[in-house]
Amino acid sequence: MKHRTNVIRKSAAAVTAAALAALVAAPTAAASGARTLYAAPDGRGTTCTVVRPCSLEGARDRARTETGRDIRVLLEDGTYHLDAPLRLGAEDSGTDGHTVTWTAAPGARPILSGGRAVTGWTQNADGTWTAGVPAGVTPRQLFIDGRRAVRARGEACAASVCDATKAGMTGAKATGIADWQRPTDAEAVIRVRWRNYHCRIAGVSDDLLTFAQPCWTNSAGGTNRTGPAWDTTAVDSTRYSGVAFFENAPELLDQPGEFVWNSEARTVTYLPREGENMRRAKALTPHTEQLLVVDGAHDVTVGGIGFAYAAYRRPDTDEGYAGMQAGLTLTGATGPVDHAGRFYTKPSAAVTVRGGQHISIESARFSHLGGAGAILEAGTKDSSLTRSTFTDLSSGAVYVGDTEPKPDASLAGERNTIAYNTITRSGVEYTDSVGIWAGYEAELTVDHNTSTTSRTPASRSAGAGTSPRLSSPYCATTR
């Protein structure tokens, strides 16, 4: 097939039949004793050679049969469309002092993608274009030829009009929401100091708006789950100054680059920017939440791989986005009383490492994400995320550690490193998130990370260098 021909051409100017047979029979680096396996976007079978590559799961399963030496899984060029994350567990670890490496083949730029194409666009009389959306897909974000579109949004509404209480909010008449065709597809986006809230409208009665639960209750004060001090920054507090904007209603679709999602008709309507042709444009929406999950593995290296179009689905549910700080949210209708933030919930991330040891992620590319970039949690130790780029993320770039101040030894994050990464435009949608968040980590190194155009400031700087165990779950930095 075409990509295999390209790989062979890149590998050598000419390949004899004998050499090709050797590649098929034994893709082994003889000098080092390492075993080399190959994966491709359309790979299949169990051979895992350069001319007969496997799928990602096939290469993983084949690697499990190899022991006692280094294993290299080379990903050929192209986009790997994932319906579920690639999962690496304890059985995918390096053994006897060796390492399992997942990396790009020479000259390749593989991408693990959770995106789904939106096709079949038809033009409307008002200049907008509409397309149907496959079952099970909810387009909270939309990217046109790699450029993020904006959910159709309106103007700010002052607290004197949109007065928020524990029951809901006034202002349905003054804002025109009372006359909208489908107000229950729309959300209120509220910012109170550092906190960010996204709650979907549940109903309209005269001038009163009610919102999905438990999103609204968790955004208001008096839950006793966040502590009295946090109630001063809730939606019904004296610091509330109004709604930043309402979004996702066709009545608000008036600017090029905006789109709206109709949950009943299951359609997306988009107003193109100048020069965009929807008959030729590539429209993608994030769908698969996680792309790589490393759970309980050790001695694994991931290098040179791209991660794109991963989704973050919770804000589209009745949970919404009841922001606490730095991209963490309060979830659940009920919960234990804990004023230290033990039960705050992290966003979904493209890459998650749980309980990993000696896990190295390097030269990775995170882009066009509906949530966060990477999470290292649940007792991950002696691991690193280095020399990677984070571009156009709805939430934060990196979350390392957890919110439990007194973890069991097995769940304590220790001696991890986040260094030499570049973060460009994080917190695009959830503006309370930060570039790098760290919680209760021991001997954490955060060093030489650069944020070029992040829209969100640091929550509290963890600084550069090595830290003792951080005594707050709210240490974060964008530098």
**Item:** Arg147, CZ: over 12 other non-hydrogen atoms inside 6.0 angstrom
**Value:** no
**Prompt:** Looking at His287 versus Tyr309, is the centre-to-centre ring distance below 6.0 Å?
**Reply:** no
**Item:** Donor-acceptor contact below 3.5 Å, side chain Glu57 vs main chain Asp61
**Value:** no
**Asked** For Asn421, what residues pass the side chain to side chain donor-acceptor pair (under 3.5 Å) criterion, not counting sequence neighbours?
**Response** Asn449
**Complete:** Residue set satisfying side chain to side chain donor-acceptor pair (under 3.5 Å) with Asn224, at least two apart, ordered chain then number -> His339
**Request:** For a side chain to side chain donor-acceptor pair (under 3.5 Å) with Asp316, tell me which candidate from His198, Arg200, Arg140 qualifies.
**Result:** Arg140
**Request:** Taking only Lys NZ, Arg NE, NH1 and NH2, and the carboxylate oxygens of Asp or Glu, determine whether Asp96 and Arg69 approach each other closer than 4.0 Å.
**Result:** no
**Message:** Quick one: does any side-chain atom of Arg225 pair with a main-chain N or O of Thr331 as donor and acceptor, under 3.5 Å?
**Reply:** yes
**Request:** Tell me whether the centres of the aromatic rings in Tyr321 and Tyr197 are closer together than 6.0 Å.
**Result:** no
**Prompt:** Going from CZ on Arg35 to CD on Glu66, what distance comes out if it is rounded to the nearest 0.5 angstrom?
**Reply:** 4.5 Å
**Complete:** Between the CG atom in Leu56 and the CG atom in Leu88, the distance rounded to the nearest 0.5 Å is 9.5 Å
**Item:** Chi angles and distances behind the salt bridge (charged side-chain N to carboxylate O under 4.0 Å, His left out) call for Asp77, Arg109
**Value:** CA-CA 5 Å; Asp77 201 28; Arg109 287 176 63 84; over 6 Å; no
**Prompt:** By side chain to side chain donor-acceptor pair (under 3.5 Å), which residues pair with Glu319, not counting sequence neighbours?
**Reply:** none
**Asked** Cut-off 3.5 Å, side chains only: do Tyr270 and Glu276 have a donor facing an acceptor?
**Response** yes
**Item:** Carboxylate-amine/guanidinium proximity below 4.0 Å for Glu258 and Arg153
**Value:** no
**Message:** Could you go through Asn416 and Glu441, starting from their C-alpha distance and side-chain angles, then the distance that decides it, and tell me whether this counts as side-chain hydrogen bond (donor to acceptor under 3.5 Å, both in side chains)?
**Reply:** CA-CA 8 Å; Asn416 295 311; Glu441 283 279 302; 2.9 Å; yes
**Prompt:** Taking atom types as modelled and ignoring hydrogens, do the side chains of Asp432 and Gln325 form a donor-acceptor contact shorter than 3.5 angstrom?
**Reply:** no
**Request:** Indicate yes or no: does Lys282 engage Asp145 in a salt bridge with an N to O separation below 4.0 Å.
**Result:** no
**Asked** Can you tell me if CZ on Arg116 sees more than 12 non-hydrogen neighbours from other groups inside 6.0 Å?
**Response** yes
**Request:** Name all residues meeting the side chain to side chain donor-acceptor pair (under 3.5 Å) criterion together with Asp185; count only those two or more places apart in sequence or in a different chain, and write none if there are none.
**Result:** Arg182, Ser263
**Request:** Return yes if a side-chain donor-acceptor contact under 3.5 Å exists between Ser219 and Arg195, otherwise no.
**Result:** no
**Request:** May I ask you to say whether Arg387 pairs ionically with Glu362, meaning some side-chain N is under 4.0 Å from a carboxylate O?
**Result:** no
**Request:** Sequence neighbours left out, what pairs pass salt bridge (Lys or Arg N to Asp or Glu O under 4.0 Å) with at least one residue falling in residues 292-315?
**Result:** Asp295-Arg354
**Complete:** Residues at least two apart in sequence or cross-chain that pass side chain to side chain contact (heavy atoms under 4.5 Å, CB included) with Ala90, listed by chain then number, are none
